[in-house]
**Student:** 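Quick one: the structure is below, and I'll ask about it shortly.
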Amino acid sequence: MSLTDAACRAAKPAEKPRKLSDSGGLYLFVSPSGTKTWRLDYAFQGKRKTASLGRYPGVKLVEAREERDRMKAEVAAGRDPMQRYNITFEKVARDWFAANRSKWKSSYSERFWRRIEQDILTSLGDRVVSEVQPQEILKLLREIEERDAIYTAKRICQMVSTIYRFAISEGHASSNPAENLMSALKPLPKREHRAALAESDLPEFFRRLRAYDGDETTKLGLAIVMHTFVRTNEIRYATWSEIDGDVWRIEGDRMKMGKTHLIPLSRQVQELLAQLRELTGHTPWLLPGRDSNRKPVSENTLLYALRNMGYHRTATVHGFRGTASTILNESGKWNSDWIERQLAHVPKDQVRSAYNAAQWMDQRREMMQWYSDLLERNAKEDKLSFNSLLM
């Protein structure tokens, strides 16, 4: 039974895509999001193909039928009507990127697109998107693997597959030639985790920190990172304007995932910051550079301090995050969501990605005070007071 314009208008989305058939291979494709696209299934030289004729109601029913008839006539004359559309992989990739780039920080999206240009478009960019074969994609992935870039090859495979899912939703392709290629790729090498201290290592760490004869601001910086478990760049570029009472607020443009991050400051951290302010409060930076107060501390200052304390391979600044995560999770006292939020781990799935920087703030404040108390107890193993930690 042929469609009517009223039936097209009344078509509602469902959990799965719907096809409302008209005639001659023409149908209205209704996506779960509610988008309605005219599509035409036809055969050319023994191969089944699907053409997208535009979105309804921009393209009316009568117009879709007229285009169907023109395409059928081209097939009968021995010409593939899809060549008129000439939808290349690069065009689809650019359309997909434009539709998604607002989800990412600008610096990340620029790197992301460069990766697509360098590793994908050089091989597939000018290919008609509906004609790319799995073997072509596997060939470019093998070339990436030959550079010993095993992880990159897997990421590129995921990118191509994601772009093809977009192409299918837009009616430019009927299948995803990358969806089954992951199993054909080389396995990832065993990952070496960043060196992290165990809870039993903490008394010795604080003993070495007290004995460290380096710059006082560096010692304070290491202690603050141990209590707050922020990333290296988050402490490096920290400014006094971000500290407001018992909260440290880091705006999204400084965070890895582009989301504002709030850090409840325990009593101990506030004491450390008070000591630090006496030393650096005349500069905008919590940890100013040694040669110029106009710049923050250099990237490797904290890491070099750890090495000078004897932690060449057994501890890193980033490893403090692993230490905190392990201790907090193994304590059994704290909800894993609170811990993940305090680590600034943003869920990737769309359902949970609605981000509230202040979520669980009361619980996180209690958790952070508990963690600082635990660190203080370990710093007092030799019966010294907390204030002597950095004296």
Side-chain angles (χ1 to χ4, degrees), residues 1-77 79-104 109 127-132 159-179 347-355:
M1 183 176 177
S2 298
L3 285 173
T4 63
D5 195 63
C8 294
R9 288 196 307 271
K12 302 298 183 184
E15 289 186 2
K16 296 183 178 181
R18 299 175 59 201
K19 292 183 179 181
L20 280 65
S21 297
D22 184 54
S23 59
L26 179 67
Y27 59 91
L28 188 65
F29 182 90
V30 184
S31 73
S33 66
T35 300
K36 302 174 184 179
T37 307
W38 290 111
R39 293 185 180 181
L40 176 68
D41 289 342
Y42 69 98
F44 184 76
Q45 295 181 348
K47 294 183 179 180
R48 180 185 178 279
K49 296 192 173 186
T50 300
S52 175
L53 311 186
R55 291 186 176 181
Y56 178 87
V59 176
K60 299 179 175 61
L61 174 59
V62 63
E63 295 170 336
R65 286 172 175 166
E66 290 171 353
E67 180 61 12
R68 173 200 62 195
D69 294 341
R70 282 192 293 268
M71 295 183 74
K72 291 279 190 177
E74 289 185 67
V75 171
R79 297 189 301 273
D80 185 355
M82 278 292 286
Q83 295 302 318
R84 286 193 289 112
Y85 291 89
N86 196 29
I87 304 299
T88 64
F89 183 93
E90 179 171 353
K91 182 182 187 311
V92 175
R94 289 186 180 279
D95 289 346
W96 169 81
F97 184 76
N100 288 276
R101 69 183 307 167
S102 62
K103 299 176 183 177
W104 310 308
S109 66
R127 298 280 287 113
V128 175
V129 70
S130 62
E131 296 180 357
V132 175
M159 288 182 195
V160 174
S161 186
T162 299
I163 291 169
Y164 262 99
R165 287 196 293 271
F166 178 81
I168 292 170
S169 70
E170 292 293 304
H172 302 316
S174 57
S175 63
N176 183 347
E179 65 179 346
K348 294 182 179 180
D349 61 279
Q350 294 300 308
V351 174
R352 299 182 62 202
S353 64
Y355 188 89

**Student:** Between Lys36 and Ala11 (side chain of the first, backbone of the second, donor and acceptor by atom type, cut-off under 3.5 Å), is there such a pair?
**Tutor:** yes
**Student:** Looking only at heavy atoms, what is the nearest atom pair of Val92 and Ala167, with distance?
**Tutor:** CG1-CB, 3.7 Å
**Student:** To the nearest 0.5 Å, tell me how far Thr162 OG1 sits from Met159 CE.
**Tutor:** 8.5 Å
**Student:** For a 4.5 angstrom cut-off between non-hydrogen side-chain atoms, does Thr35 reach Phe29?
**Tutor:** no
**Student:** Search all heavy atoms of Ser175 against all heavy atoms of Tyr164 and return the closest pair with its distance.
**Tutor:** O-CD2, 3.7 Å
**Student:** Just by modelled atom types, is the Ser23 backbone N or O under 3.5 Å from a matching donor or acceptor in the Arg65 side chain?
**Tutor:** no
**Student:** Val160 versus Val132: any side-chain heavy-atom pair under 4.5 Å?
**Tutor:** no
**Student:** Are any of the side-chain heavy atoms of Thr37 and Tyr56 separated by less than 4.5 Å?
**Tutor:** no
**Student:** Which atoms form the tightest heavy-atom contact between Met71 and Ala51, and what is the distance?
**Tutor:** CE-CB, 3.4 Å
**Student:** How long is the straight-line distance from CH2 of Trp96 back to NE2 of His172, given to the nearest 0.5 Å?
**Tutor:** 15.0 Å
**Student:** Taking atom types as modelled, find out whether Ser169 and Arg165 have a side-chain donor-acceptor pair closer than 3.5 angstrom.
**Tutor:** no
**Student:** Could you report the tightest heavy-atom contact between Tyr27 and Ser21, atom names first, then the distance?
**Tutor:** CB-CA, 3.8 Å
**Student:** On a heavy-atom basis, which atom in Ser31 and which in Pro13 lie closest, and how many Å separate them?
**Tutor:** O-CB, 3.4 Å
**Student:** Could you state the interatomic distance from CG (Asp22) to OG1 (Thr4), rounded to the nearest 0.5 Å?
**Tutor:** 9.5 Å
**Student:** Under the criterion side-chain contact (heavy atoms from CB on, under 4.5 Å), which of Ile87, Ile163, Thr88, Ile168 is the partner of Val129?
**Tutor:** Ile87
**Student:** Taking Ser52 for the side chain and Glu170 for the main chain, is one N or O donor matched with an acceptor at less than 3.5 Å?
**Tutor:** yes
**Student:** Go through the steps for Glu74 and Arg70 under the test salt bridge (charged side-chain N to carboxylate O under 4.0 Å, His left out), then give the verdict.
**Tutor:** CA-CA 6 Å; Glu74 289 185 67; Arg70 282 192 293 268; over 6 Å; no
**Student:** As a quick check of understanding, evaluate side-chain contact (heavy atoms from CB on, under 4.5 Å) for Glu67 and Val59, giving each step before the final call.
**Tutor:** CA-CA 10 Å; Glu67 180 61 12; Val59 176; over 6 Å; no
**Student:** To the nearest 0.5 Å, what is the distance between NZ (Lys19) and CG (Leu28)?
**Tutor:** 12.0 Å
**Student:** Would you say that more than 12 heavy atoms from the other residues, nucleotides or ligands in this model lie under 6.0 Å from the CZ of Arg101, or not?
**Tutor:** no
**Student:** Are the side chain of Asn176 and the backbone of Ser161 linked by a donor-acceptor contact shorter than 3.5 Å?
**Tutor:** yes
**Student:** Work out which heavy atom in Leu40 is nearest to a heavy atom in Leu26; give both atom names and the distance.
**Tutor:** CD1-N, 3.6 Å
**Student:** Kindly write out the residues that satisfy salt bridge (Lys or Arg N to Asp or Glu O under 4.0 Å) with Asp5, not counting sequence neighbours, or none if the list is empty.
**Tutor:** Arg9
